[in-house]
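In what follows, a structure is listed as C-alpha cells, so that the remarks can point back to it.
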Amino acid sequence: MADLYEVIQSKLQNMSKSQREIARYVMSHMNSVPFLTVGELAKQVGVGEATVYRFATYLGYSGYPEFQKALQEAMKKQLTTVEQLRISEDMYDQESQATMEMFEEEVERIREMSQQLNMDDFQKVVDKIVGAKRIFIVANRSAVALGSFLEFYFDVMLENAELIRNPHGISEKLFRIDEDDVVIGLSFSRYTRSTVEALSFAHDRGTQVVSITDNQLSPLVPYSDIALYARSDMSSLIDSFVAPLSLINALITAVGHEKSTEIQQHLEELESVWDRFNIFSDDKM
C-alpha cells in the first residue's frame with residue numbers, strides 16, 4: 001500500500017479531525033476497506049458520507065470510486081516492514097492511549113471476522129477435517145505460531161495432523177498426498193511464497209485444500225477449495241493474529257464437537273499417560 005500511504009502521509013498534518021479519523025481507519029483496515037462502499041466506510045468511522053467523499057478528493061482522487069480502486073491496487077503491493085513501522089508512528093500518538101486504542105481495534109477485528117464468516121463454508125471445512133485421512137498444515141514465518149497451535153490440538157484429538165514449516169521439506173512431506181487428505185494453508189500479507197507453492201502443488205494433485213488467510217485477493221485463494229478469512233492487518237510493524245487465532249479456536253472446537261465420542265475416549269487414555277510422565281504441575285498457587 002506504499003503509493004497510497006505516501007499520499008496520505010504527505011497530507012496527514014493538514015487534515016481535519018474527521019479526515020484524520022478516516023485516515024487512521026483506512027490504514028488500520030488495509031485488507032477490508034478496499035471492499036467497503038462509501039456508506040459502509042462512513043458508518044464504520046462514524047462520519048457522514050459527504051465527509052468520506054471530501055476525504056477522497058482531498059487526497060487528489062476524482063471521487064470515491066477512484067479512491068477505492070487505488071485502495072485495491074495498493075493492497076496488492078503489500079507493505080514492507082519499514083512502511084508498517086511508519087504507519088504505526090503516524091497513526092498512533094506516543095501515549096498510553098494508543099495502547100488502549102490498539103486493544104479496541106483487536107476486539108473490532110474479531111467482531112468483524114465473526115460477522116463476515118460464511119458459516120456454510122466453515123461447516124464444510126469442519127466436515128473435510130473430520131473426514132480426512134491425514135491433515136497437513138502448511139505455515140511459515142510468523143504464521144508458524146498459528147500452525148503449531150492448530151497442529152497440537154488436531155493431533156491430540158485426531159492423531160493425523162502434521163505441521164510443515166520448513167519450505168525445503170514441503171516436497172518430501174506432500175509427495176504422497178491424495179484426495180483423501182486435507183492440506184490447510186495459513187498465510188497473511190505479506191504472503192509466504194513457499195506456502196502458496198505448497199497449496200498450488202496440493203491443488204494440482206487433487207487434494208482437498210483449505211486456506212485460512214486475510215482477504216479474497218490472497219494468493220492462496222485460487223488454489224483453495226474453501227477459504228476462511230480473518231484480518232491480520234494493523235498499524236504496526238507486526239501482524240495481528242488475534243482474529244485468525246479466534247477463528248482457529250472456533251474451528252478446533254467445532255471439530256471436537258463433531259468427534260466428541262472418539263475424542264473423549266482418546267483424552268481419557270491420554271490423561272493416564274500424562275499422569276505417568278508427570279506432565280502437569282501439581283503446585284497450588
Contacts of type side chain to side chain donor-acceptor pair (under 3.5 Å), residue Glu108, not counting sequence neighbours: Tyr25, His29
Check: Phe55 ring centroid to Tyr64 ring centroid under 6.0 Å: no
Which residues share a side chain to side chain donor-acceptor pair (under 3.5 Å) with Lys124, sequence neighbours left out: none
Validation: residues 141-153 side-chain donor-acceptor distances under 3.5 Å, sequence neighbours left out:
unit_1 : atom_1 : unit_2 : atom_2 : d
Ser148 : OG     : Val144 : O      : 3.0
Glu151 : OE2    : Leu163 : N      : 3.0

For Asp180, side chain to side chain donor-acceptor pair (under 3.5 Å) partners two or more places apart: none
Residues which pass side-chain contact (heavy atoms from CB on, under 4.5 Å) with Tyr223, listed by chain and number, not counting sequence neighbours: Val196, Leu199, Ser200, His203
Set of ring-ring contact (aromatic ring centres under 6.0 Å, His included) partners for Tyr61, sequence neighbours left out: Phe67
Listed partners of Lys11 passing salt bridge (Lys or Arg N to Asp or Glu O under 4.0 Å), at least two apart: none
With sequence neighbours excluded, residues passing side-chain contact (heavy atoms from CB on, under 4.5 Å) with Glu21: Val45
side-chain contact (heavy atoms from CB on, under 4.5 Å) involving Ser246 - partner list, sequence neighbours excluded: Ile110, Met113
Test salt bridge (Lys or Arg N to Asp or Glu O under 4.0 Å) applied to Glu49 - qualifying residues, sequence neighbours left out: none
Any residue meeting side-chain contact (heavy atoms from CB on, under 4.5 Å) with Val221, in chain and number order, not counting sequence neighbours: Thr213, Ser218, Ala227, Tyr229
With Asp127 via side chain to side chain donor-acceptor pair (under 3.5 Å) - residues at least two apart: Gln123
